[in-house]
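What follows is a single structure, written as structure tokens, with notes after it.
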Amino acid sequence: MAVEISTGGAKKGRGRLWLVVHGWLALPIWVLLFVVCVTGTLLSVAHELEWLATPTVRASNPEGVEPLPLNDIVASVAQAYPEGIITRVRQPEPYLAYEVTVALPDAPFARAHVNPYTGAVQGLTEGPGFTGFLFGLHSWLLFPWTGNFNLGWYIVTALGFPMLASVVTGLVVYKKFWKAFTQPRLRVTKGGRAFWGDFHRLSAMWGLWFTLIIAISGGWFLISLLIWSSGYKIFPDPPLVAREHVPAPGPAARRVMPDLDAAVAAAQAAVPGFRPSTITLPDSAYSHATLYGDNGFSFFGKSGHRVFVNPYTDEVGGTVVPGDMTALQVTSGLLPALHFGAFGGLVTKLIWFVFGTALSGVILSGIIIWTKRTAKATVDILRPVNATAPAAAE
Amino acid sequence: MRKTWTRWKFHLSALVLVASVWYGPGYISGAHWADMGERVLSPVAVGPYRATLSEAAVVAPERDPYGKLIKTYNVILSSEGARDVQAAYLRVGKPRSTKAAGAILHGNPYRLHAHVPFPDAFGPEDELWLTVETWTGEVHQTAWPLAEALGVLRAPTQTAQVR
């Protein structure tokens with residue numbers, strides 16, 4: 001099929017111009033955009049990929065026994081690493097082993113993988129690990145952090161804006177875009193140009209909702225780092241533990257490991273139905289343990305609710321639940337959860353993986369189409385400009 | 001040549017990924033991942049322990065949206081210290097008591113940090129005091145002159161103080 005290029009006629013010319021704008025939004029950045037999309041897609045199922053590849057992160061239960069209390073899980077790690085100080089306990093999914101962060105002198109962020117049913121320490125990850133590597137690559141391209149500045153973070157999150165503009169201009173160019181739903185078409189026998197064109201339009205339209213979520217939440221990550229850098233606290237600091245509750249220093253006093261099962265019980269009394277997914281232990285003698293969780297399905301994700309528990313008295317010192325949040329807190333809770341797609345467990349993770357793959361395909365097919373056609377259209381559009389200002393060309 | 005340029009200039013964003021490859025090994029090995037901060041000073045004794053001070057970033061104290069002049073410092077305590085210390089604090093100027101020892105150090109026990117309030121006026125001779133109190137009740141202190149502890153030593157912007 002020959003493509004006719006003509007700038008004659010104002011309406012037609014405008015349509016062509018939109019097409020060129022649409023192409024140019026992704027064109028200069030497509031490699032980066034593609035890598036960020038592919039790593040993000042893998043990241044949506046990163047824990048599951050680890051589960052497939054490494055038995056140490058699995059929550060195997062061949063005996064079919066009940067899960068152990070949390071106190072037994074951390075005791076098991078404390079026994080395995082007497083030098084270590086436990087700072088966090090988390091279980092992202094029921095089929096995954098507990099990930100217990102144990103600060104070691106030479107590996108402050110090491111994570112022990114503990115079987116929830118046997119308490120066995122199945123492995124230790126000292127560095128970022130597979131998921132951490134992917135996360136760093138996807139989120140800030142592994143650029144170094146200085147304080148709360150990271151150039152890579154701003155480069156990646158800024159991609160949300162051309163992505164959003166691509167959606168808008170794409171809809172303008174497509175015009176009767178509802179046809180992608182009412183009369184879906186994927187021509188496989190009419191040559192590469194027809195196939196990739198159909199694929200691009202079809203994937204883009206069926207994945208429109210997903211692209212909007214990713215672009216908007218991606219752009220939000222740029223704004224949220226700016227807010228964070230300014231020192232403004234979207235979620236106010238949790239209260240400090242009252243001085244009279246903290247054990248007075250003395251010959252018998254020492255660092256105490258909070259009773260995690262009592263903390264969970266206290267959280268469940270404060271937030272009915274509360275299910276913890278991550279517990280961060282007090283990060284000073286005067287701070288609360290923070291329990292992150294949900295109380296049923298929530299678009300805020302499995303860590304959208306927070307309960308602060310006094311480690312010495314097991315009293316609840318405060319809660320952050322979606323119902324009480326300000327608009328800014330809702331935004332900062334909801335958008336990341338929608339970006340990651342883990343809020344519905346394996347089901348939503350797989351949906352995010354499929355649509356992430358489709359979005360990566362949209363970017364790749366866009367470049368293929370451009371090399372096959374738009375290059376010519378661009379040249380034709382620009383020719384009159386070049387003709388009047390030859391010195392400025394290229 | 002010209003044709004090559006025309007064709008390849010649209011793939012140039014791949015060059016950003018050269019930086020990722022460059023930083024990748026350090027991130028994996030943990031050099032950046034468990035980053036200590038910038039301008040890491042030589043460890044000093046604080047009682048029986050050793051403390052290593054660094055700046056989260058080499059910047060002057062910045063006024064936060066709540067009107068406070070704040071700078072974030074990192075402190076690494078030696079391993080025994082990380083376990084023995086009940087609480088540690090950083091303060092500009094010598095604290096009069098352990099009850100007002102300044103900003104509490106918190107975070108990972110081997111990568112502590114504190115958001116330290118600064119007075120509106122300070123100079124190179126002012127000191128950043130570290131106070132550590134152990135679970136057994138011992139108090140140890142040390143101090144760095146700001147000339148040493150502050151990479152960018154300059155007076156805070158005056159605009160915020162005009163009333």
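All chains are named by letter (A, B, ...) in the order of the sequence lines, taking the proteins before the strands, and each is independently numbered beginning at 1.
By number of non-hydrogen pairs under 4.5 angstrom with chain A, the leading residue of B:Ala56, B:Pro65, B:Ala57 is B:Pro65. Chain B forms the most heavy-atom pairs under 4.5 Å with one residue out of A:Ile155, A:Val246, A:Leu240, A:Leu104, and that residue is A:Leu104. Highest contact tally toward chain B, considering only A:Phe149, A:Phe34, A:Trp30, is held by A:Trp30 [criterion: heavy-atom pairs under 4.5 Å]. When each of A:Ser287, A:Ala248, A:Pro247 is checked for heavy-atom pairs under 4.5 Å with chain B, A:Pro247 comes out on top. Your options are B:Val59, B:Asp64, B:Thr136, and the one with the most heavy-atom pairs under 4.5 Å with chain A is B:Thr136.
The parts of A:Leu32 that come within reach of chain B are both its backbone and its side chain, each placing non-hydrogen atoms under 4.5 angstrom from that chain. Contact annotation for B:Thr134: only backbone heavy atoms (N, CA, C, O) come within less than 4.5 Å of a heavy atom of chain A. Of the two parts of B:Lys99, the backbone and the side chain both hold a non-hydrogen atom closer than 4.5 Å to a non-hydrogen atom of chain A. Only the backbone of A:Pro251 comes within less than 4.5 Å of a heavy atom of chain B; no side-chain atom from C-beta onward does. Of the two parts of A:Leu151, neither the backbone nor the side chain holds a non-hydrogen atom closer than 4.5 Å to a non-hydrogen atom of chain B. Proximity to chain A is limited to the side chain of B:Glu133, based on heavy atoms less than 4.5 angstrom apart. For chain B, the nearby part of A:Thr87 is the side chain; its heavy atoms alone come within less than 4.5 Å. Neither the backbone nor the side chain of A:Arg88 comes within contact range of chain B; no heavy atom of the residue lies under 4.5 Å from a heavy atom of that chain. If you measure heavy-atom distances from B:Ile76 to chain A, you find no contacts under 4.5 Å at all.
Judged purely by distance below 3.5 Å, without hydrogens or angles, the side chains of B:His106 and A:Ser284 never pair a donor atom with an acceptor atom. Looking only at atom types and distance, the side chain of A:Thr313 has no donor-acceptor partner in the side chain of A:His245 under 3.5 Å away. One side chain, B:Asp84 or B:Tyr49, offers a donor N or O that lies under 3.5 Å from an acceptor on the other. Using modelled atom types and a 3.5 Å distance limit, the side chains of B:Ser54 and B:Glu38 yield no donor-acceptor pair.
Ring-plane geometry between A:Trp145 and A:Trp140 is classed as perpendicular, the angle between the planes exceeding 60 degrees on a 0 to 90 degree scale with a lower cut at 30. The aromatic rings of B:Tyr27 and A:Phe133 sit tilted, their planes meeting at an angle between 30° and 60°.
The residues B:Glu62 and B:Lys71 are annotated as not salt-bridged, no charged nitrogen and carboxylate oxygen being separated by less than 4.0 angstrom. A salt bridge between A:Glu126 and A:Arg111 is absent, with no side-chain N of the basic residue lying under 4.0 Å from a carboxylate O of the acidic one.
Here the side chain of B:Tyr66 pairs a donor or acceptor atom with the backbone of A:Lys233 at under 3.5 angstrom.
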